Peer 1: 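Let me give you the structure first, and then I'll get to my questions.
Nothing here was measured: the structure is a model prediction, and the numbers come from that model. In what follows, every chain begins at residue 1, and chains take the letters A, B, ... in the order their sequences are listed.
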Amino acid sequence: MSSHIPLQIELEILKRLPIKPLIRFILVCKAWKSLIKCSEFIAGYSVPQTQPHQHLVIKYQVGGRGEEVPEVKYVSYVDDDTSPQQKSALTVPSLVQGTTLLDSSHGLLCMLNSFDDLSNTQMPVLWNPAIRKAIGVVIPTVVLWPFHSVVGFGVCPHTKDPKLVKTVIGRTEREEEDHNQIMSFDLITDEFREVDIPERLLQAYISISGLRDSLVLLEYDTSFPSEKQVCRVWMMEHADRKAFRKLFTIKPPDASVASTLGFRKSGEPIIELEDDTDIGFKSAPVVYEPCYRHIKDIGICGPTHSFFLSSYMESLLLLDHDDGHIVGSRGVKCMDDGSSVSGTLTFRKSGESIVEIQEDVMDPICDLAVYEPCLEKIKDLEIRGNRDSFHGSSYLESLLLLDHDDGRIITC
Amino acid sequence: MSKKTLTLMSKDKQLFNIEEHLAVQSVTIRNMVKEDGASSVIPLPRVDSETLALVIEYLNRQQAPEEDEDYVKKFVDERGEIPTLLELAQAALDLDIKKLMDAACMKVADLIKDFTLEEVREALRIENDRTPEEEKAIRDEFQWAF
């Protein structure tokens, strides 16, 4: 028997394996476990080009007519050169239930739950369907009317750090000046930037989408002679950020476009058609072929506007996290038992801090505790109250004010 | 201009001649040639003669650049034995011939992807150092993959 294979060759082989065998091979030996679960390997891994690597995920509902509670399903298609028929149902982790699909980036789907008024928090869920893991991220929400907030998601292409961006927007007083506005956020430099929208689209009914790394504007229009809704697709030209070029108009024969869900890698849009005979209840996403105006069914149907679509590439992100784990965003630190430090009041002389501990991120009741930062230990102070209602300070005893009457009011 | 020839020596002291302009596809050899002209024999103490013969065959290929990708793939496909491919990958890594290393590792990955854990350990001569408890923890975490 000859000598062992060098680690470097093993690493080169592992890099070229599809995800499923890679996960199985964690069990080959201790060295392989360390190699595969190392954060650099996780960040650098991309599915070999020989494997199906581009996917479309669609969220949809079945049932729900009348009293029936609709069932939410996720289905994933391989997005290659063939028609998207090769589909597989995704196993939905418990954290993902009851959320809507916001966006995807580097193999992670970002899911949003509805805003919880009571605790003033929101917990987006990051889900990697390829390795079946999901984690929750608590983001504090201290936004009240007349402001509203928008959450965006992306993975930094360099560091592979997932980033959630919450933008708080104030409403303008002068409603007549309202027009479409698009802000972009650079995941590398963390900078915001306003995207210039062509004049004719400022007042149009638009939504945004993405096609091959470019921003796409979808302009919906019912003023078309046939009174059927059509959708014009505008793509941002990379060379000049000001220019949007009209790619084509989605104008299926004898049908209205309810919405454009997204695009295949090939550029073909996947659209929802309005069913004239059963308006608002049933619709089926189809692939639209813009040159010949052909439509192709993809084998699912559900209530109109209940579909969400995103394309994603398989990745290993979250492999080093436990499924179902809830993490705090900056300023919110989670303890081992699932409780989280929601705020720091003050510090003890020893350097330990006095913190608010929240048992359940959705429950506004907090306990006060001493937090020992090195060992990450907490000691309960047996005081309980509403979150953010605590204030603390340290003081030394002194004789100051001894020469003043209690309750006296001094004017200056 | 006459074509300069280099002599490479394998681990088991066999000598192989190759034209210099072909040999310098290996970044390692290119650097040696640049440094001291490499007029004498270049020793490759980690590469056996069978593997070196394969490397020489690869370097001597007469392929149009656009067909090169297909050629490398076919080249490793025809030598589909894992031990041979591992030796080849090792030699390509030492000699810094990226395309050959990529193709050899890709082929190995392709061959082992459906192997059982025991088959992988056997093929790559890896010792199982996992405890049953660790094994159970991983199997529980990734039930779907097993």
Peer 1: Quick check for you: among Ile112(B), Asp114(B), Thr116(B), which has the greatest number of heavy-atom pairs under 4.5 Å with chain A?
Peer 2: Ile112(B)
Peer 1: Which one, Asp322(A), Ile9(A), Leu17(A), Val28(A), leads in non-hydrogen pairs under 4.5 Å with chain B?
Peer 2: Val28(A)
Peer 1: Where along residues 135-144 of chain B does a heavy atom come under 4.5 Å of chain A, listed by residue number?
Peer 2: Glu135(B), Ile138(B), Arg139(B), Glu141(B), Phe142(B), Trp144(B)
Peer 1: Taking the side chain as C-beta and beyond, is there a heavy-atom pair between Arg61(B) and Asp68(B) under 4.5 Å?
Peer 2: yes
Peer 1: Top residue by heavy-atom pair count (under 4.5 Å) with chain A, among Asp110(B), Asn128(B), Leu93(B)?
Peer 2: Leu93(B)
Peer 1: When you check the gap from the basic side-chain N to the acidic O, do Lys74(B) and Asp70(B) get nearer than 4.0 Å?
Peer 2: no
Peer 1: For chain B, find which of Lys15(A), Glu12(A), Arg132(A), Glu10(A) contributes the most heavy-atom pairs closer than 4.5 angstrom.
Peer 2: Arg132(A)
Peer 1: Less than 4.5 Å apart, any side-chain heavy atom of Gln14(B) and any of Leu52(B)?
Peer 2: no
Peer 1: Counting N and O atoms only, with roles assigned by atom type, does the side chain of Tyr312(A) sit under 3.5 Å from a partner on the main chain of Pro129(A), one being a donor and the other an acceptor?
Peer 2: no
Peer 1: Using side-chain heavy atoms (C-beta onward) and a distance below 4.5 Å, is Phe308(A) in contact with Leu109(A)?
Peer 2: no
Peer 1: Are side-chain heavy atoms of Phe25(A) and Leu117(B) found at a separation under 4.5 Å?
Peer 2: yes
Peer 1: Relative to chain B, which segment of Ile131(A) carries a heavy atom at a distance below 4.5 Å: side chain, backbone, both, or neither?
Peer 2: both
Peer 1: Angle between ring planes, Trp127(A) versus Tyr74(A), binned at 30° and 60°: parallel, tilted or perpendicular?
Peer 2: perpendicular
Peer 1: Is the closest side-chain heavy-atom distance between Lys30(A) and Glu134(B) below 4.5 Å?
Peer 2: yes
